[in-house]
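Working notes for the structure below.
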Amino acid sequence: MPIHLRAEPGDYAPNVLCPGDPVRAQYIAETFFDPGFKQVNEVRGMLGFTGTFEGKPLSVQTTGMGAPSAGIVFDELAQLGAKRLVRVGTCGGLADDMSMGDTVIALTAAADDHAPRQLSQMDGIVPTATFSLVEEAARLTREGSMGKVHIGPIVTSGLFYEPNWEKFNTWKALGHLAVEMEAAMMYVVGAMKGMEALALMTVSDMIGEGDGDTVRISDEDMKRGVDQMMEIGCRVAVSG
Ligand SMILES: O=P(O)(O)O[C@H]1O[C@H](CO)[C@@H](O)[C@H]1O
Ligand SMILES: O=c1cc[nH]c(=O)[nH]1
């Protein structure tokens, strides 16, 4: 039994949704899982649930915020037999053609954070999604009627309150779509432990050009955005 996910192999499904926020984990289980799901973790409030989605086994596990916390969870999920991780997170939008509530699919997650580089022991690592999951997510997006979806590189930052705001403008100029705090770690742990991985995120704020220019999403739009992301989240997680 791992130290932070107090569960046994078999308590989690091979496919696991990974939000940062425990409230979102519970909302996902209650809203999208079939009736009869069970709670499998509550240590430190890092809620985890296992059930089924359209009859197929699926878990959802909170990661907490930032790569050090999420890295513990991803590693322990691997110890418990997980084979596929699908992050269902939020992010700050950088791209000009983006609006709050849009969905981002992260092809790569640049590690502007020490933890994924420390773990991989490679400063030049390019943490990358599993391409078959990107393809499936893109296909489901075309099939559905969800809002705007953006596919491309993102940045995983070690800091939410970045003192060097100019960095965000540079990442944007380099074609990065969004910033968040866990995807690079998930892609690195996935590569090292043989787990497929894909990060999906709802744009929860638009990063302005200067510190203090950022605009935050309303609670109502956040719910709409998460529901849109979840139109593909569960399906990608159980696909194949
Ligand atoms: O909404 P979640 O999934 O937590 O993701 C984003 O939100 C948190 C910061 O507010 C960070 O964890 C970031 O990655
Ligand atoms: O890490 C994050 C998540 C949401 N919004 C941000 O600006 N940063």
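Both counts, for ligands and for their atoms, begin at 1 and track the order of listing.
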**Request:** Test Val188 against Ile125 for side-chain contact (heavy atoms from CB on, under 4.5 Å), laying out the working first.
**Result:** CA-CA 9 Å; Val188 170; Ile125 190 164; 3.9 Å; yes
**Request:** Indicate yes or no: at least one non-hydrogen side-chain atom of Met98 is less than 4.5 angstrom from one of Val104.
**Result:**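 Result yes, sub-4.5 Å side-chain heavy-atom pair found.
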Give a yes or no on whether a salt bridge exists between [X] and [Y], defined as a side-chain N under 4.0 angstrom from a carboxylate O.
| X | Y | result |
| --- | --- | --- |
| Asp221 | Arg224 | yes |
| Glu182 | Arg87 | yes |
| Glu143 | Arg139 | yes |
| Lys223 | Asp219 | no |

Extract all N/O-N/O pairs under 3.5 Å that connect ligand 2 to the protein, and present each with both atom names and the distance rounded to 0.1 Å.
unit_1, atom_1, unit_2, atom_2, d
ligand 2, 5 (N), Gly92, N, 3.2
ligand 2, 5 (N), Asp205, OD1, 3.3
ligand 2, 5 (N), Asp205, OD2, 2.9
ligand 2, 7 (O), Asp205, OD1, 2.9

**Request:** Can you tell me which residues line ligand 1 if we count any heavy atom under 4.0 angstrom from one of its atoms, in chain and number order?
**Result:**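 The answer is Gly20, Arg24, Met65, Arg87, Gly89, Thr90, Phe160, Glu180, Met181, Glu182, counting any residue whose heavy atom sits under 4.0 Å from ligand 1.
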**Message:** For a quick check under 3.5 Å, do Thr90 and Glu180 share a side-chain donor-acceptor pair by atom type?
**Reply:**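 There is no such pair between these side chains.
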**Counterpart residues, salt bridge (charged side-chain N to carboxylate O under 4.0 Å, His left out), relative to Asp112 (two or more places apart)** =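 Here the qualifying residues are Lys167.
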**Prompt:** How would you list all residue pairs meeting side-chain hydrogen bond (donor to acceptor under 3.5 Å, both in side chains) that involve residues 44-57, not counting sequence neighbours?
**Reply:**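 Checked against side-chain hydrogen bond (donor to acceptor under 3.5 Å, both in side chains) - neighbours excluded - the pairs reaching residues 44-57 are Asp34-Thr52, Thr50-Ser59, Glu54-Arg235.
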